[in-house]
Student: 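Handing you this structure, nothing more for now.
So that the names make sense, note that chain A is the first sequence line, chain B the second, and so on, each numbered from 1. Everything quoted here is computed from the prediction, not taken from an experiment.
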Amino acid sequence: MKRNRKNTNGFEKWGGYMEAKKTKLEQQFTEKATDDSNHVKSQIFKGISIFVNGYTLPSANELKRIMMENGGVYHHYHRPNITTHIIASNLPTAKLKLLKQFKIVKPEWISDSLKDGKLLNYENYLLFIDKPNQPKIDFPVRAKNASEPTFLSEFYNNSRLHLISTMATTFKRLVNDTRKQNQTDYPGRQRLKNWIEQNRVKNMLFNDSELDNDKIIMHIDMDCFFVSAGLVERPELRGLPVAVTHAKGNLSKQREGVDRGTEFNLYVKRWRGDDDENDEEEEAHEIRPRSTKRDGINETDSMAEIACCSYEARKVGIKNGMLVGRALKMCPTLKLIPYNFEQYKKVAHTLYTHILNDYTLDVEAVSCDELYLDCSHILETTKASPIELAMFLRNEIKEKTQCPCSTGIGSNYLLARLATKKAKPDGQFYLEPGIVMDFMKNIDILDVPGVGRTLGHKLSTLGISTCGELSALSLQTLQSEFGNKTGLSLYKHCRGEDDRKLNYDYKPKSVSADVNYGIRFQNKEESDNFVRQLCNEVEKRLDDIEMNGKTVTLKLMIRNAEAPKESAKFLGHGFCDNITKSSSLTKSTSNSRIIFQVVNKIMNQLDIDPTELRGIGIQMNKLESRIVTGPGRIENFISNMKSEPKINHTLVNENTDNDKIILTKVSKPKSHQSSSTENINKSKSVMDFFKPKEDLNSKNQLKSSNSKSIVPCQSLVNIKMSQVDPSFLDALPADLRLKLENELKSHENLNSTFIENQNSPIMEVTMTEESSKLYQHVQIDKMKEFIEEWVVTENEPKMCDNIMVSKYLCNLISDAKTEDAYEIIRKLYRLIKNKDDLAWKQSYFDILKNVQEIMMNLYNAKMKVETTFK
DNA sequence: ATCCTCCCCTAC
DNA sequence: TAAGGTAGGGGAGGAT
């Protein structure tokens, strides 16, 4: 079955498209069933049509086959009036509530019926017994995969790699922000000075020769960070072999479709290369054994990864990244402790603020537990020796965080880093210039930063395993072997030379969101929904840093044809083929809809089978900051809205009218005199809600602004502080309130903005992140109050208010506050029904359309609300 | 020469 | 069961 879909001109035709698609697919099903009529084995499921929701056993594909062969019908989409049964093994509560009125049956109903050769009573297989107040799931809760709407956030909440990555960014930004504050007082330096005065003679650490003109770089690295932070609250485990992991050491369950042996062999084959030539080379040079992390794992060993292990565990050969099953074989007494993300954040924050506030701003953040600092100023002002600084600083960090760290000191980046390796655990090491040559000779090539598995192996095939051996190769040899840049840095680094500068100034070059875990989709709907969520995530991250991206890159992991259907690791990606494809826009954006459109085009062009997907990543490159020129961000946003980027890529059909995505056009005429000026005092818009009702001041301001352009719909830019209802401000969180106040203040003098009212009955929700965030935090009751006032007092609905309400409701739904949204829609319906006005009814349908779209995206179901005014 | 895309590698 | 993310550097090879 092809998934090529016609261009749909954005999303406004989504509903119609869905209908068409349903019919098409069902037609195909019937045709297929007819074609395969010689395979029909029975009519057990005559009259039954099923829709499979979520992950099931047997799989949806299997169930489809069973239905086809036995007289039943399989629906790719849930069709409330046609689908007779929904098949599911588990449903999240939100989904459950929505689908409550339908027959939701466990897949065993199908398999048992098939086994017995007759249709069994589905009532014995209901997923839950409908007790009105508390639907109870009669099934053990199973792990979620990415087809569930809550998967993404749960995954991010539990992913150590995601945490590591986001924390690194967080602290790079913290350094940036702190440096801007221009602080001049460093109390730590004074403490160090005092300590030196009291202890120098006793320490005998001072050495005149250490005071030279070289730059002094210090590298600080917490010792086995996750373990140390975890042991703060479990001191009884100190001194024991400890590892941090998700697993509890249980044996892994045997699952259908898993073949660890086959999967592991594929990895080994890819890693070794397939040709004999390589094998000969390896023997000739006595290559050190290369192990995959799957070594020593059998069918039931735990496949969880060890994120971090204590030095006691390392002594017996356990390493970070090793699988729990194997580690337990090496050390059956290994203590497994769970993650404690909050604690890691706390410790890391303490570490950073201590150094930044008390010692220096010349810090390069590497990660949550690792940083470089330029000691020049500290040493100059305190007259301390590098070792004294290291001892003192390490001691303070240990006191503050209760976690040990190690520090290395050297004249450059590389030497500082290598010194730390030597210092560990819980120590310090100053790699003095005089000993660098000797020191480097014996450094293992794999300890050089930048030399990993692949480069290390390649070097070992050349018979090289230490820096000393590497330094025998000429620059030319290295460059022809590894490329110009890689060759040059190998040449320098093995000699202890490194001219990289500490980078204090963090400027992101790309933003991405990847998930390569839990990706198991039954159909294109599920994968689309998930991709949409990833696009939203990317948009959020771009907005966080106030940047837009100009190139979209899609990264896919697809099950390799030879790989077992199910991965060895539970919900893992298994052995995959990787695909990367990028597409450039004419104008940078952060708009998730545009990103999705691009991504979707690529997906369709690649014709990916959604069931074979194992990983998805979306990346934005060529970042541009949203330059603030002139009046400010909002102004800039409005000018951005005038023309959203066109997609410039061969994949993209030229007929695509991307402008249709944005139906609310904004322009800013220089001296536009509106003909509707006389309406302004009668006209009510959402913004008027922010005004106190009897505020003379605001009336005056409105009058005085009559000379400017006043149009039916004001944008945020037009609101003045004095117009804002104080109770609205109170409803906002403090930080948001401050932001709003500042933005309003900075726009007091701005010209009014004209928002063109579209005649099109179709409305698309496109608001600025700035303004939608504001609405997001309006309390539910406040919003109900507004809606009542709006509908009751307003003659006709305005587009901008429709948009605001839609956006608000969509935000509620995506925040899983579906019930609140439901209540508001009911209220809106009642109000509009009373009003009995065509334009208002249209307004209701427009809003509902947006709501149902997001419902379909998130829950694959519509909200059950009134769809006609009888 | 320099840029772009599609990778791969590395680090935390 | 298990939570295999994310940013940056760079090489190969083709387009400009």
Student: How is A:M167 classified with respect to the nucleic acid when contacts are heavy atoms under 4.0 Å: base, sugar-phosphate, or nothing?
Tutor: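 Nothing, no nucleic acid heavy atom in range.
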Student: Please report, rounded to the nearest Å, how far the P atom of B:dC9 is from the CG atom of A:L446.
Tutor: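 In whole Å, B:dC9 P and A:L446 CG are 15 Å from each other.
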Student: Nearest whole Å is fine: how far is C:dG5 C1' from A:E154 CD?
Tutor: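 From A:E154 CD to C:dG5 C1': 18 Å.
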Student: Report all interatomic pairs (protein N or O, nucleotide N or O of nucleotides 1-3 of chain B) with separations under 3.5 Å.
Tutor:
none

Student: The criterion is salt bridge (charged side-chain N to carboxylate O under 4.0 Å, His left out); which residues satisfy it with A:R541, sequence neighbours excluded?
Tutor: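 In terms of salt bridge (charged side-chain N to carboxylate O under 4.0 Å, His left out), with neighbours along the sequence ignored, A:R541 is linked to A:E537.
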Student: The side chain of A:A304 is closest to which nucleotide in this list: C:dA2, C:dG4, B:dT5?
Tutor: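 Nearest to the side chain of A:A304 among the choices is C:dA2.
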Student: Quick test of your reading: applying side chain to side chain donor-acceptor pair (under 3.5 Å), list the pairs with at least one residue in residues 243-260 of chain A, sequence neighbours left out, ordered by first then second residue.
Tutor: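 Listed by first then second residue: A:S252-A:R260, A:D259-A:T262.
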Student: Does A:T553 have a side-chain nitrogen or oxygen under 4.0 Å from the phosphate oxygens OP1 or OP2 of B:dT5?
Tutor: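 Checking B:dT5 against A:T553, no side-chain N or O comes under 4.0 Å of OP1 or OP2.
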Student: Take atom NE2 in A:H354; do more than 12 heavy atoms of anything else shown fall under 6.0 Å from it?
Tutor: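 Yes.
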Student: Under 4.0 Å between a side-chain N or O of A:K569 and OP1 or OP2 of C:dA3?
Tutor: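 Yes.
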Student: When you get a sec, tell me which of B:dC6, C:dA3, B:dC12 is the closest nucleotide to the side chain of A:R417?
Tutor: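 That would be B:dC12.
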Student: Listed by chain and number, what are the side-chain contact (heavy atoms from CB on, under 4.5 Å) partners of A:P425, not counting sequence neighbours?
Tutor: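 Applying side-chain contact (heavy atoms from CB on, under 4.5 Å) to A:P425 gives A:D223, A:Y311.
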Student: Under the side-chain contact (heavy atoms from CB on, under 4.5 Å) test, which residues partner A:N516, sequence neighbours left out?
Tutor: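 For A:N516, the residues satisfying side-chain contact (heavy atoms from CB on, under 4.5 Å) (neighbours in sequence not counted) are A:D514, A:M557, A:H573.
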Student: Taking C-beta and beyond as the side chain, do A:I558 and A:I579 meet within less than 4.5 Å on heavy atoms?
Tutor: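 In short, these two side chains touch, coming nearer than 4.5 Å.
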Student: What's the NZ-P distance between A:K248 and C:dA3, to the nearest Å?
Tutor: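 Rounded to the whole Å, the gap is 11 Å.
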Student: Would you kindly give the NZ-to-C1' distance between A:K458 and B:dT10, to the nearest whole Å?
Tutor: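 Value for this atom pair: 15 Å.
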Student: Please tell me which of the listed nucleotides, C:dG4, C:dT1, B:dC8, lies nearest to the side chain of A:S567?
Tutor: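 Nearest to the side-chain atoms of A:S567, counting from C-beta on, is C:dG4.
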Student: Among the candidates B:dT10, B:dC12, C:dT1, find the nucleotide nearest to the side-chain atoms of A:L455.
Tutor: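 My answer, after comparing the listed nucleotides, is B:dT10.
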Student: State whether A:Y413 and A:R417 meet the cation-pi test: NZ (Lys) or CZ (Arg) under 6.0 Å from the six-membered ring centroid, and within 45° of the perpendicular axis.
Tutor: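 Not flagged: A:R417 not positioned over aromatic ring of A:Y413.
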Student: Give the rounded distance in Å between these two atoms: OH of A:Y517 and C1' of C:dA3.
Tutor: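 Answer to the nearest Å: 5 Å.
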Student: Once side-chain contact (heavy atoms from CB on, under 4.5 Å) is applied, do any residues pair with A:K329, and if so which ones, sequence neighbours excluded?
Tutor: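 A:K329 satisfies side-chain contact (heavy atoms from CB on, under 4.5 Å) with A:N298, A:D301 once adjacent residues are dropped.
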Student: Can you tell me how far the CG atom of A:L373 sits from the CG atom of A:L371, to the nearest 0.5 Å?
Tutor: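 Nearest 0.5 Å value for the CG-CG distance: 6.0 Å.
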Student: Specify the residues of residues 340-356 of chain A, ordered by number, for which at least one heavy atom lies under 4.0 angstrom from an atom of DNA chain C.
Tutor: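 By residue number: none to list.
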Student: Please confirm whether the shortest side-chain N or O distance from A:S302 to OP1 or OP2 of C:dA2 is below 4.0 Å.
Tutor: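 Indeed, a polar side-chain atom of A:S302 lies that close.
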Student: Tell me the interatomic distance from A:L163, atom CG, to C:dA2, atom C1', rounded to whole angstroms.
Tutor: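 Taking CG of A:L163 and C1' of C:dA2, I get 16 Å after rounding.
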Student: What residues, two or more places apart in sequence or in another chain, satisfy ring-ring contact (aromatic ring centres under 6.0 Å, His included) together with A:F155?
Tutor: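 Expected list: A:F151, A:Y517.
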Student: List in chain and number order the residues that pass salt bridge (charged side-chain N to carboxylate O under 4.0 Å, His left out) with A:E154, two or more places apart in sequence or in another chain; answer none if no residue qualifies.
Tutor: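 Expected list: A:K144.
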Student: Using whole Å, what does the distance between atom P of nucleotide B:dT10 and atom CZ of A:R453 come to?
Tutor: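 Roughly 8 Å, once rounded to whole Å.
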Student: Does OP1 or OP2 of B:dT5 have a side-chain N or O of A:S584 closer than 4.0 Å?
Tutor: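 It does, given that an N or O in the side chain of A:S584 lies less than 4.0 Å from OP1 or OP2 of B:dT5.
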Student: Does A:T454 put a side-chain nitrogen or oxygen below 4.0 Å from OP1 or OP2 of B:dT10?
Tutor: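 Yes, because at least one side-chain N or O of A:T454 sits under 4.0 Å from OP1 or OP2 of B:dT10.
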Student: I want to check one thing: is the phosphate of C:dG4, taken as OP1 and OP2, less than 4.0 Å away from some side-chain N or O of A:R160?
Tutor: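 Affirmative; the distance criterion is met.
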Student: State whether the aromatic ring of A:H246 stacks on the base of C:dA3, taking stacking to mean ring centres under 5.5 Å apart and ring planes under 30° to each other.
Tutor: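 Here the ring of A:H246 and the base of C:dA3 are not stacked, as the 5.5 Å and 30° limits are not both satisfied.
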Student: Measure CD1/A:I579 against P/B:dC7 and give the value in whole Å, please.
Tutor: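 These atoms are roughly 8 Å apart.
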Student: Taking only residues two or more places apart in sequence or in another chain, which ones pass side-chain contact (heavy atoms from CB on, under 4.5 Å) with A:C368?
Tutor: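 Per chain and number, A:C368 pairs via side-chain contact (heavy atoms from CB on, under 4.5 Å) with A:M167, A:F171, A:F225, A:A348.
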Student: What residue pairs, at least two apart or across chains, pass salt bridge (Lys or Arg N to Asp or Glu O under 4.0 Å) with a residue in residues 156-179 of chain A?
Tutor: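 Matches after skipping sequence neighbours: A:R160-A:E305, A:D177-A:K180, A:R179-A:D362.
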Student: Classify every nucleotide of nucleotides 6-16 of chain C by which part a protein heavy atom approaches to under 4.0 Å, writing B for the base, S for the sugar-phosphate alone and - for neither, in 5'-to-3' order.
Tutor: BSSSSS-----
